[in-house]
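All remarks here apply to the structure that follows.
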There are 2 protein chains.
Amino acid sequence: MYGSVDNMNDHQILATAKLRATTQRLAMLKEMRKIHGPFTVERLHKMCRSMDVVTVYRNIKSLVAVGVMREVRLKDASLRYEFSPGEETHHHHAVCNSCGYIEELSECKMHSLFSQQTSKKFKSIDEHVLEFFGTCNSCSKK
Amino acid sequence: MYGSVDNMNDHQILATAKLRATTQRLAMLKEMRKIHGPFTVERLHKMCRSMDVVTVYRNIKSLVAVGVMREVRLKDASLRYEFSPGEETHHHHAVCNSCGYIEELSECKMHSLFSQQTSKKFKSIDEHVLEFFGTCNSCSKK
DNA sequence: TTTTAATTGCAAGTCACTTGCATGTATGGT
DNA sequence: ACCATACATGCAAGTGACTTGCAATTAAAA
Ligand SMILES: [Mn+2]
Ligand SMILES: [Mn+2]
Ligand SMILES: [Zn+2]
Ligand SMILES: [Zn+2]
């Protein structure tokens with residue numbers, strides 16, 4: 001659908017997605033590139049103070065719709081987002097229940113491993129969620 | 001902590017949980033036993049029309065707190081609940097993206113299989129979520 | 001029974017978004 | 001470069017799914 005975010009600049013991403021290159025969208029993309037791991041709209045908005053939160057919500061939604069970003073639902077109230085990895089780098093996360101540290105886990109093999117175990121009642125499985133929660137090393141020594 | 005819901009009656013469950021056996025709680029437990037799979041508060045409240053939704057929310061929360069019920073977060077807006085299976089029958093679900101049919105999958109082996117793959121950055125993994133989404137057989141032939 | 005702390009119902013509040021609408025602006029056509 | 005206009009933005013108001021405050025009930029201990 002679109003090239004990876006790594007080998008396209010922000011204008012190209014927006015053009016490919018048929019989204020206008022507004023000041024706000026360019027600012028958002030610039031800030032998002034600085035974040036590692038799934039972030040909340042609140043966090044991104046703090047980094048893009050000049051625009052309204054509604055604009056952040058709407059643009060993130062557009063980016064999800066065109067496949068540039070994807071939603072990540074962890075155990076907190078707000079949805080998180082991250083650049084959509086290609087099929088090759090589809091992955092999951094490990095979240096520390098104590099400090100909130102999020103680790104990006106390596107490539108996911110769930111689909112191939114488990115699509116068959118989902119019984120005879122399903123014709124196909126095309127999505128899954130898998131997230132781990134625990135205690136990170138630094139939290140375990142306190 | 002408490003015996004399985006299968007071999008305890010509703011009064012016993014509440015007594016063990018140190019929760020008063022109110023008309024509302026007894027009605028909720030009675031109705032919940034009729035439901036298979038994770039249900040929403042809205043659905044349970046429709047089956048317990050005589051009480052306020054707030055009471056349903058509060059009591060479900062108490063039951064989760066004492067380990068009788070557990071939360072299940074699928075892709076829809078509302079949380080769902082089901083009787084908490086013992087460690088032995090911890091399991092996950094497959095949800096049809098078309099009709100919403102939910103299948104109870106067999107026992108989960110995620111923890112043993114994947115706790116080690118979560119890198120050297122985590123001391124322990126004590127929770128995980130795993131849910132599948134796809135198309136069920138009956139929806140695939142329409 | 002009487003006492004008392006737990007529980008309930010109703011109303012109001014909160015949180016994370018979502019929508020309506022008037023104003024502003026990026027882009028395609030001239 | 002200029003225009004036209006469909007797309008975007010900001011502000012305010014609206015939603016949906018809970019959560020909380022509080023006075024009135026009620027289960028169950030004394
Ligand atoms: Mn990630
Ligand atoms: Mn289940
Ligand atoms: Zn930690
Ligand atoms: Zn179906």
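Numbered from 1 within each chain, the chains take letters A, B, ... in sequence-line order.
- The closest side-chain donor-acceptor pair between A:Glu82 and A:His91 falls under 3.5 angstrom.
- With sequence neighbours excluded, the residues satisfying side chain to side chain donor-acceptor pair (under 3.5 Å) with B:Lys34 are B:Glu31.
- The separation between B:Asp52 atom CG and C:dA12 atom P is 14 Å, rounded to whole Å.
- At distances below 3.5 Å, at least one donor-acceptor pair connects side-chain atoms of A:Arg33 with backbone N or O atoms of A:Val5.
- For the residue pair B:Arg70 and B:Pro85, the shortest heavy atom distance occurs at NE-CD, 3.6 Å.
- A cation-pi arrangement, defined by a distance under 6.0 Å to the six-membered ring centre and an angle within 45 degrees of its axis, is present between A:Lys75 and A:Phe133.
- The 5' end of DNA chain C is approached more closely, in terms of each residue's nearest nucleotide, by B:Thr55 than by the other of B:Thr55 and A:Tyr81.
- From the 5' end on, the contacts that DNA chain D makes with chain A at under 4.0 Å to a non-hydrogen atom open and close at D:dA6 to D:dA12.
- When rounded to the nearest whole Å, the span between CD of A:Glu71 and C1' of C:dA16 equals 13 Å.
- Atom NE2 of A:His45 is separated from atom C1' of C:dA16 by 14 Å (rounded to the nearest Å).
- The heavy-atom pair separating A:Cys139 from A:Cys96 by the smallest distance is SG-SG, 3.7 Å.
- Less than 4.0 Å separates DNA chain D from at least one heavy atom of each of the following residues of residues 18-35 of chain A: A:Leu19, A:Arg20, A:Thr22, A:Gln24, A:Arg25.
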Quick one: do A:His128 and B:His92 satisfy ring-ring contact (aromatic ring centres under 6.0 Å, His included)? Show the steps, please. CA-CA 11 Å; A:His128 68 265; B:His92 299 283; over 10 Å; no
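- Proximity of a side-chain donor or acceptor of A:Asn97 to a complementary backbone N or O of A:Thr135 within less than 3.5 Å is not detected.
- Between the OH atom of A:Tyr57 and the P atom of C:dA16 there is a distance of 7 Å, rounded to whole Å.
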